[in-house]
Enquirer: 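Below is one structure. I have some questions about it.
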Amino acid sequence: MSMHPGRAGMRSLQRDRSLLDHRITRGTLRRVLIFARPYRRILTIFLTAVVLEAVVASVSPLVLRAIFDIGIAQRREGVIIGLALLAALLAILDAILSLADRRISATVGEGLIYDLRARVYGHIQRMPIAFFSRTQTGALISRLNNDVIGAQQAFTDLFSNVVGNVVLVTLILVTMFFLSWQITLVALVLLPVFLIPARLVGRRLGTLFHRGMELNAEMNMVMTERFNVAGAMVVKLFGRPDDELRTFRHRAGEVRDMGVRQATYQRFFFVALGLTASLATAFAYGFGGVAVLRGTLGIGTVVALTMYVTRLYGPLTQLSNLNIDYVSAMVSFERLFEVLDLEPMIAESPDAVAIPEGPVTLRFDHVSFSYPGADEVSLASLEAVAVLDATARTPVLHDVSFEVAPGTMTALVGPSGAGKTTISLLVSRLYDVDEGRITINGLDLRDVTVASLNSTIGVVTQDPHLFHDTLAANLLFARPEATESELEAALRSAQVWNLVSTLPQGLDTVVGERGYRLSGGEKQRVALARLLLKSPHLVVLDEATAHLDSESEAAVQRALDSTMADRTSLVIAHRLSTVRNADQILVVDGGTIVERGTHRELLEHGRLYRVLYETQFADQAA
């Protein structure tokens with residue numbers, strides 16, 4: 001077979017035997033076969049190659065038998081040369097089939113990995129923001145890496161093991177019984193001598209293997225948290241590098257010790273396999289040698305039998321673990337299907353229409369909303385919990401109604417936790433409302449295409465995300481077809497071109513993870529430039545200047561004035577000084593709008609707004 005039988009058998013034994021207690025979900029195998037359907041032609045070729053390889057492996061010893069018992073025993077030079085050439089051709093054919101087997105197996109396996117990863121990644125991209133707020137990033141990455149590769153390995157191994165090993169073992173046993181049923185029975189009797197201790201070791205090895213994966217994951221988590229900019233800064237600011245090194249050495253030491261234990265148990269497997277094969281070979285030579293002296297067996301027959309014995313135990317070991325190979329494959333596929341079966345809460349209506357180009361009117365019409373529960377958007381296995389949180393929904397917004405006219409600015413103000421950011425998330429349809437509706441130009445957001453909604457709305461948050469890439473790449477994320485002159489124009493409007501033009505690499509400057517190579521004000525203005533490049537008709541700003549110093553705030557405010565000119569805008573503000581010129585100010589408290597009006601009107605007649613204003617400016621004066 002193309003895979004070393006000892007290594008393949010050990011891989012089967014490494015798998016956790018507790019999987020056998022797992023009940024496979026009905027329909028899983030059918031779904032796996034649907035995934036494999038595009039590869040049915042190449043799988044047929046693959047299985048044909050595996051069968052031919054098994055046939056060649058079972059025929060080769062008979063050729064050597066003929067060389068000894070016919071060619072050498074009868075002193076026939078021509079037969080010896082002819083059979084030797086045949087043996088050489090069979091060896092070449094076996095090598096070719098082995099290469100073809102590996103090539104086809106890799107094609108199917110890597111193709112399956114690609115299909116599964118693309119399907120799962122695409123599905124995750126369509127999940128609502130609530131899904132990402134609950135799940136662990138590492139758990140999602142594990143599904144795309146470990147489970148996909150586990151499914152592929154088990155799938156391809158299962159095909160080759162079932163077909164190739166069944167054919168090979170059948171041919172070997174039939175031939176061995178034909179040559180000497182006595183030696184064959186002894187070889188089979190010796191199998192438990194290897195298989196029973198190997199199973200015991202395999203059970204322990206499976207436990208060690210999974211514990212090793214857990215220890216590696218814990219070590220990787222330590223590195224991931226400490227190697228990003230924010231984590232490294234915390235370590236340095238609190239002066240804890242020595243403590244962190246001790247923690248990492250402890251984690252790495254556990255991984256090292258586990259690796260030593262795994263290597264020891266793995267070596268036991270190979271030693272046991274080799275010892276059993278050696279014992280069977282010794283018996284074959286001993287019994288066969290006596291039979292040769294007595295004239296009941298030929299020397300070639302003994303040589304063939306010993307070759308068959310050495311080729312028998314590996315495939316038998318793999319077949320004995322066929323059930324756990326099958327369950328392991330199905331469990332990996334189940335974990336992938338579990339993610340694929342989680343329906344996105346935000347879906348485009350089949351009859352969705354595009355939002356027409358031009359100025360927009362935003363309207364909230366008696367909107368009430370509560371954040372979805374864990375059981376609606378997540379999986380326990382992706383949150384590293386046994387059972388999902390079953391806490392009932394808590395209402396966040398209550399009967400919210402307002403309208404933002406074309407080209408005007410509406411500001412949302414209020415204490416922390418009042419529901420301002422929630423309103424902005426609903427505008428972008430990151431969540432759907434529970435009651436009421438939100439419309440743009442009279443069209444319910446649930447009835448418009450996702451593409452037109454995304455092109456109509458532009459959002460900048462208080463902590464905008466920049467990818468670890470160049471300035472140009474981050475800007476082109478908004479509009480990939482934009483020209484360099486358009487990038488420059490957007491940066492000028494965002495009041496940041498003077499900075500970019502002085503950088504040695506200009507637009508090709510890499511901004512670092514999350515844009516940490518830029519100051520807060522610079523990063524904010526780059527985000528505004530990205531929004532300007534998108535050129536949306538509705539702008540949503542969520543605390544865009546909340547954490548900036550006075551100088552940066554002034555620069556960003558000038559950029560905001562340029563950004564919001566002639567656009568409909570909804571602005572969430574902590575600093576009331578930035579929204580005094582708003583056409584409408586909505587005061588949000590306890591998930592509802594308690595006051596509305598202009599800055600002057602609210603100072604004269606409002607209560608909460610006046611308290612917020614006086615408190616803020618009293619603090620500034622102090």
Enquirer: Which residue pairs pass the salt bridge (Lys or Arg N to Asp or Glu O under 4.0 Å) test with at least one member in residues 27-42, sequence neighbours excluded?
Expert: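 Matches after skipping sequence neighbours: Arg31-Asp341.
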
Enquirer: May I have all residue pairs that pass salt bridge (Lys or Arg N to Asp or Glu O under 4.0 Å) and include part of residues 277-291, sequence neighbours excluded?
Expert: none

Enquirer: Can you check whether Phe68 reaches Thr301 side chain to side chain, under 4.5 Å on heavy atoms?
Expert: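 Counting from C-beta outward, Phe68 and Thr301 never come under 4.5 Å.
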
Enquirer: Looking only at heavy atoms, what is the nearest atom pair of Ala54 and Gly164, with distance?
Expert: CB-O, 3.7 Å

Enquirer: Less than 4.5 Å apart, any side-chain heavy atom of Gln505 and any of Leu471?
Expert: no

Enquirer: Quick one: list whatever passes side chain to side chain contact (heavy atoms under 4.5 Å, CB included) with Ile96, sequence neighbours left out.
Expert: Ile92

Enquirer: Which atom names give the shortest non-hydrogen contact between Ala473 and Thr470, and what distance separates them?
Expert: N-OG1, 3.0 Å

Enquirer: Using the side chain to side chain contact (heavy atoms under 4.5 Å, CB included) rule, take Leu188 and Leu173 through it: C-alpha gap first, then chi angles, then the decisive distance, then the call.
Expert: CA-CA 9 Å; Leu188 291 176; Leu173 288 177; 3.9 Å; yes

Enquirer: Can you establish whether the number of heavy atoms outside Ile299 located under 6.0 Å from its atom CD1 is more than 12?
Expert: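 At most 12 heavy atoms, drawn from other residues, nucleotides or ligands, come within 6.0 Å of this atom.
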
Enquirer: How close do Glu343 and Met127 get, counting heavy atoms only, and between which atoms?
Expert: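 The answer is O-CE, 4.2 Å.
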
Enquirer: Once you round to the nearest 0.5 Å, how far does CD1 of Ile81 lie from CG of Leu86?
Expert: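 It comes to 14.0 Å.
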
Enquirer: Work out which heavy atom in Pro128 is nearest to a heavy atom in Ile346; give both atom names and the distance.
Expert: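 For Pro128 and Ile346, the tightest heavy-atom pair comes out as CB-CG1, 4.1 Å.
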
Enquirer: Taking it one step at a time, do Leu64 and Met307 satisfy side chain to side chain contact (heavy atoms under 4.5 Å, CB included)?
Expert: CA-CA 10 Å; Leu64 294 180; Met307 291 183 66; 3.2 Å; yes

Enquirer: Please identify each residue that fulfils salt bridge (Lys or Arg N to Asp or Glu O under 4.0 Å) with Arg65, with sequence neighbours left out.
Expert: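 By the salt bridge (Lys or Arg N to Asp or Glu O under 4.0 Å) rule, Arg65 matches Asp69.
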
Enquirer: Taking side-chain hydrogen bond (donor to acceptor under 3.5 Å, both in side chains) as the test, write out the residues that go with Thr483, two or more places apart.
Expert: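 With sequence neighbours excluded, Thr483 shows a side-chain hydrogen bond (donor to acceptor under 3.5 Å, both in side chains) to Ser485, Glu486, given in chain and number order.
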
Enquirer: Considering only heavy atoms from C-beta outward, does the side chain of Phe46 approach that of Ile42 to under 4.5 Å?
Expert: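 No, every pair of side-chain atoms sits at 4.5 Å or beyond.
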
Enquirer: Mind checking the CG-CD1 spacing from Leu340 to Ile124? Nearest 0.5 Å is all I need.
Expert: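 So the gap between those two atoms works out to 8.5 Å.
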
Enquirer: Would you please name every residue forming a salt bridge (Lys or Arg N to Asp or Glu O under 4.0 Å) with Arg246, sequence neighbours left out?
Expert: Asp243

Enquirer: Say you draw a straight line from CZ of Phe132 to CD of Gln125; how long is it, rounded to the nearest 0.5 Å?
Expert: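 Between atom CZ of Phe132 and atom CD of Gln125 there are 6.0 Å.
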
Enquirer: Which heavy-atom pair separates Glu348 from Thr449 by the least distance, and what is that distance?
Expert: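 Answer, listing the atom of Glu348 first, then Thr449: OE1-CA, 3.3 Å.
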
Enquirer: Looking only at atom types and distance, does a side-chain atom of Ser60 sit under 3.5 Å from a main-chain N or O of Ala57, one as donor and one as acceptor?
Expert: no

Enquirer: At what distance, to the nearest 0.5 angstrom, does OG1 of Thr281 lie from CG of Leu305?
Expert: 10.5 Å

Enquirer: With a cut-off of 3.5 Å and sequence neighbours excluded, list every side-chain donor-acceptor pair involving residues 252-260.
Expert:
none

Enquirer: Could you go step by step and tell me if Arg76 and Ile70 meet the side chain to side chain contact (heavy atoms under 4.5 Å, CB included) rule?
Expert: CA-CA 7 Å; Arg76 297 168 62 180; Ile70 299 176; 3.8 Å; yes

Enquirer: As a quick check of understanding, evaluate side chain to side chain contact (heavy atoms under 4.5 Å, CB included) for Val303 and Ile67, giving each step before the final call.
Expert: CA-CA 10 Å; Val303 171; Ile67 291 176; over 6 Å; no

Enquirer: Does atom CD (Gln74) have a neighbourhood of more than 12 heavy atoms from anything else shown, all under 6.0 Å?
Expert: yes

Enquirer: Would you mind reporting whether Thr306 and Ile183 have side-chain heavy atoms less than 4.5 Å apart?
Expert: no

Enquirer: Who are the ring-ring contact (aromatic ring centres under 6.0 Å, His included) partners of Phe477, not counting sequence neighbours?
Expert: Phe467

Enquirer: Please name all residues satisfying salt bridge (Lys or Arg N to Asp or Glu O under 4.0 Å) with Arg251, sequence neighbours left out, ordered by chain then number.
Expert: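 Partners of Arg251 under the salt bridge (Lys or Arg N to Asp or Glu O under 4.0 Å) test: Glu218.
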
Enquirer: Give every residue pair that meets the side-chain hydrogen bond (donor to acceptor under 3.5 Å, both in side chains) criterion with at least one member in residues 166-192, sequence neighbours excluded.
Expert: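 Only Ser180-Gln182 qualify under side-chain hydrogen bond (donor to acceptor under 3.5 Å, both in side chains).
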
Enquirer: Just how far is it from atom CG of Leu43 to atom OG1 of Thr48, taken to the nearest 0.5 Å?
Expert: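 So the gap between those two atoms works out to 10.5 Å.
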
Enquirer: Donor-acceptor pairs under 3.5 Å, side chain of residues 109-122 to any protein atom, not counting sequence neighbours: which ones?
Expert:
from   : atom 1 : to     : atom 2 : distance (Å)
Asp115 : OD2    : Tyr39  : OH     : 2.6
Arg117 : NE     : Leu144 : O      : 2.7
Arg117 : NH2    : Asn145 : OD1    : 3.3

Enquirer: What side-chain donor-acceptor pairs closer than 3.5 Å can you find for residues 282-293, not counting sequence neighbours?
Expert:
none

Enquirer: Please report the interatomic distance CE(Met345) to CD1(Ile129), rounded to the nearest 0.5 Å.
Expert: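 Going from CE on Met345 over to CD1 on Ile129, the span is 13.0 Å.
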
Enquirer: May I ask you to decide if Pro344's main-chain N or O and Arg126's side chain share a donor-acceptor pair within less than 3.5 Å?
Expert: no

Enquirer: Where do Val309 and Met176 come nearest, in terms of heavy atoms and distance?
Expert: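 Shortest heavy-atom contact: CG2-CE, 3.7 Å.
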
